[in-house]
**Q** 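Got a structure here, written out as structure tokens. Questions coming.
Every heavy atom of this structure was used, including side-chain atoms; hydrogens, water molecules and symmetry mates were not.
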Amino acid sequence: MSEIERLLMEEEDIHTKDGTTDYQNRPAIKKNTGTWKACPYILGNECCERLAYYGINTNLVNYLKFQLNQRNVVAVNNVTNWSGTCYVTPLLGAFLADAYLGRYWTIAAFSIIYVFGMTLLTLSASLQGLKPPCDTNNVCHPTGLQAGVFFMGLYLIALGTGGIKPCVSSFGADQFDDSDEAEKKNKGSFFNWFYFSINIGALVASSVLVWIQTNVGWSWGFGIPAVAMALAVVSFFSGTRLYRNQRPGGSPLTRICQVFVASFRKFRVKVPGDKSLLYETADEESVVKGSRKLDHTEELSLLDKAAVETPSDKIKGSVMAWRLCTVTQVEELKSLVRLLPIWATGIIFSAVYSQMGTLFVLQGNTMDLHVTKSFEIPSASLSLFDTISVIFWVPVYDRLIVPFVRKFTKRNNGFTQLQRIAIGLVISIFAMLAAGTLELVRLNEVRKHNYYDLKHMPMSIFWQVPQYFIIGCAEVFTFIGQLEFFYEQAPDAMRSLSSALSLTTAALGSYLSTMLVNIVTDVSTRDGKVGWIPDNLNYGHLHYFFWLLACLSVINLGFYLLVARWYTYKRAVVPNH
């Protein structure tokens, strides 16, 4: 804590009279808001919220299979569909944050919805009449109403998380001023510790909560995450007086549409060779209040037509927004378009990551769960080794790898964000190879000893540890790299939207996993075959699916290296003082 305490004493605050960050008109520097002083409340909120989320997500496939009596493929698809929805709803939350509410009030409002969802989910597993009845053989028979209440609570959580996921990391990064070199350097460290706090919550969820759900009951197993979410809300509001709040800049979608419409109207207009002739406001600040101007870039020059001045662009001296856009407005759109190829490469990685909550768990269900003769570890708890891996690698990366690499690259963060993401993509390939190899070895043992109808074959579940640990290492490079990259490369007034865009890769990765499972199941079960992923995995070929993902990951890596090589970084205009 000594370094953090030192930072708390040294950090300085840049904010306007109304508490909003202003990068252009910097008043006297004060020490009472922002920087590391505000971060404990934000990190505490994220830790508790992630404990709540992973407390549901980690073991959800087993709840669906055993409490709602769903088949393997149905349960897997329901988990990935819900998980995917949790990463689509951030688009709504991000839009509201950037356009109207600001990040603070968006987090506050959606947190309340989240708590309602957690409460409803807990009631569906606790109250007589809402809890599915089970017979003497522990086979449960839920009614339509019981399943409906459960899924209503589940998708209220998905809606609630939509206002939190895209805003919390950006809100934390807002506490550090880009124009101050010391604060900017600390912001890179913030993203590492932000992801560290996520995994502290996930560690408790995948160990303690999964054990409670399996051995004590689902009412406690869902009730504790509900309490954790309530604590997340308390932690967030406790830091209110210390936060720096960036003003909402109006609808980013409107500004994007204005550029498209204006450039289409001027498709016959020639862009001048001298780019200084393109329209821009004379003020130091851009037309979006609290947002910096952006320098012109050469790529996507067709969009520059929107900033070419023509006689019909003004009426009585007033600029018509749907006919003439500023260079900054055009560059906002260019920044988002340039992000899309990088964004697309995250989908396959997220599909690999999603296996931890589905097929890794089902694979573990077939193995020996004993830690000692009297104690069994739930298969879903193996994800704690992914969490332990992240908790191990974050400080190693931040304190050892970055300083070492910095000596050679001379960059504050060691690697560029794109290099960091690439390293994670490479590592993720080995996770799928490890999972596929383990399954091949497991099936060979099944065939050799005729273990086909054994519920748990005599092969320790801890053979799964390497695949979890490798994914955790890949996360530290790719997911944290994406967090920082999408925040830094987004226009100031679109940072929540950009963070939400990066999160949608997780949604599409989950949906891709669902699609692949369905396609593989349809194809592999033709002519009466059991298929790759049958209810009894001892008769299947699950390793083929893992190797399919490994092949897709290699192709994805090649595409990423191609688009990353040609990426142009955003350039903000530095105001003259």
Side-chain angles (χ1 to χ4, degrees), residues 87 90 165-166 169-170 173 187-196 198-199 335-356 386 389-390 392-394 396-398 400-402 404-406 408-409 411-433 469-490 495 497-510 512 549-550 552-570:
Y87 288 93
K165 281 182 186 291
S169 62
S170 296
K187 180 161 63 177
S189 189
F190 166 78
F191 284 107
N192 290 327
W193 294 107
F194 177 81
Y195 205 74
F196 182 88
I198 288 175
N199 282 274
S335 294
L336 290 182
V337 172
R338 281 194 293 263
L339 286 174
L340 291 180
I342 303 294
W343 164 84
T345 60
I347 297 172
I348 298 291
F349 181 86
S350 294
V352 168
Y353 176 80
S354 71
Q355 303 314 306
M356 284 197 304
D386 162 75
S389 177
V390 172
F392 170 78
W393 282 108
V394 164
V396 168
Y397 182 88
D398 195 62
L400 297 178
I401 296 177
V402 168
F404 178 75
V405 175
R406 187 186 294 144
F408 301 96
T409 64
R411 297 188 184 97
N412 284 336
N413 294 332
F415 298 109
T416 67
Q417 294 145 5
L418 291 176
Q419 288 170 341
R420 182 174 184 172
I421 294 169
I423 294 169
L425 294 180
V426 172
I427 295 171
S428 70
I429 297 169
F430 291 97
M432 288 297 95
L433 292 176
F469 200 83
I470 294 170
I471 284 186
C473 182
E475 284 179 65
V476 170
F477 285 91
T478 294
F479 276 155
I480 301 178
Q482 285 178 341
L483 269 177
E484 188 174 359
F485 178 76
F486 278 86
Y487 178 87
E488 289 292 339
Q489 294 306 305
R495 280 176 163 166
L497 186 64
S498 181
S499 295
L501 185 65
S502 72
L503 291 169
T504 58
T505 62
L508 294 175
S510 294
L512 175 62
L549 283 176
L552 292 175
S553 296
V554 171
I555 296 169
N556 184 59
L557 175 63
F559 177 72
Y560 174 84
L561 294 175
L562 184 65
V563 298
R565 182 177 180 182
W566 298 106
Y567 183 80
T568 302
Y569 285 89
K570 177 191 78 174

**Q** Working to the nearest 0.5 angstrom, can you tell me the gap between Arg495 CZ and Glu488 CD?
**A** 6.0 Å

**Q** Restricting to non-hydrogen atoms, name the atom on Val390 and the atom on Gly472 that form the minimum distance, rounded to 0.1 Å.
**A**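 In terms of heavy atoms, the two residues are closest at CG2-O, 3.5 Å.
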
**Q** What heavy-atom pair brings Ser499 and Ser170 nearest, and what distance separates the two atoms?
**A** OG-OG, 2.8 Å

**Q** Any idea which heavy atoms bring Phe559 and Thr345 closest together, and the distance?
**A** CD2-CG2, 3.4 Å

**Q** Once rounded to the nearest 0.5 Å, what's the spacing between atom OG of Ser510 and atom CD of Gln355?
**A** 9.0 Å

**Q** Who are the side chain to side chain donor-acceptor pair (under 3.5 Å) partners of Asn192, not counting sequence neighbours?
**A**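 Per chain and number, Asn192 pairs via side chain to side chain donor-acceptor pair (under 3.5 Å) with Asp398, Arg420.
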
**Q** Once the angle between the rings of Phe479 and Tyr353 is folded into 0 to 90°, is it parallel (under 30°), tilted (30 to 60°) or perpendicular (over 60°)?
**A**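 It falls in the perpendicular class, over 60°.
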
**Q** Decide yes or no on side chain to side chain contact (heavy atoms under 4.5 Å, CB included) for Phe404 and Ile401, but give the supporting numbers first.
**A** CA-CA 5 Å; Phe404 178 75; Ile401 296 177; 5.8 Å; no

**Q** Minimum heavy-atom separation for Phe191 and Ala173, please, with both atom names.
**A** CZ-CB, 3.7 Å

**Q** Tell me the closest heavy-atom pair linking Thr478 and Leu425, and the distance in Å.
**A** OG1-N, 3.2 Å

**Q** For the CG atom of Leu508 and the OH atom of Tyr87, what is their distance to the nearest 0.5 Å?
**A** 12.5 Å

**Q** Just by distance, do the side chain of Thr409 and the backbone of Gly414 share a donor-acceptor pair under 3.5 Å?
**A** yes

**Q** Answer yes if the ring centres of Tyr560 and Phe349 are under 6.0 angstrom apart, and no otherwise.
**A**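 Between Tyr560 and Phe349, the centre distance exceeds or equals 6.0 Å.
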
**Q** Do Thr416 and Phe485 have side-chain heavy atoms sitting under 4.5 Å apart?
**A**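 Contact flag for Thr416/Phe485 side chains = no.
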
**Q** Are Leu501 and Thr504 close enough that some pair of their side-chain heavy atoms sits under 4.5 Å apart?
**A** yes

**Q** Which residues pass the ring-ring contact (aromatic ring centres under 6.0 Å, His included) test with Tyr195, sequence neighbours left out?
**A**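 Listed in chain order: nothing, the list is empty.
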
**Q** Rounded to the nearest 0.5 Å, how far apart are CD1 of Ile480 and OG of Ser169?
**A** 11.5 Å

**Q** So, using ring-ring contact (aromatic ring centres under 6.0 Å, His included) as the criterion, who are the partners of Trp193 when residues are at least two apart?
**A** Phe196

**Q** Say you draw a straight line from CZ of Phe415 to CZ of Phe408; how long is it, rounded to the nearest 0.5 Å?
**A** 10.5 Å

**Q** Indicate yes or no for a side-chain donor-acceptor contact from Ser389 to the backbone of Cys473 under 3.5 Å, with no hydrogens or angles considered.
**A**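 Looks like yes, one N/O pair under 3.5 Å.
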
**Q** Could you grab the distance from atom CD1 of Ile421 to atom CZ of Phe486, nearest 0.5 Å is fine?
**A** 7.0 Å

**Q** A quick test of your reading: do over 12 heavy atoms of other residues, nucleotides or ligands sit less than 6.0 Å from CZ of Phe430?
**A** no

**Q** Please say which of Asp386, Val394, Ile470, Ile427 ends up in a side-chain contact (heavy atoms from CB on, under 4.5 Å) with Glu475.
**A**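 Among the candidates, only Asp386 passes.
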
**Q** If you look at every heavy atom in Leu418 and Ala564, which pair is closest and at what distance?
**A**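 Shortest heavy-atom separation between Leu418 and Ala564 comes out as CD1-O, 3.9 Å.
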
**Q** Assess, by modelled atom type and distance only, whether the side chains of Ser428 and Ser553 contain a donor and an acceptor separated by less than 3.5 Å.
**A**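 No pair is found: no donor N or O on one side chain lies under 3.5 Å from an acceptor on the other.
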
**Q** Less than 4.5 Å apart, any side-chain heavy atom of Phe477 and any of Val426?
**A**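 A side-chain contact under 4.5 Å is absent here.
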
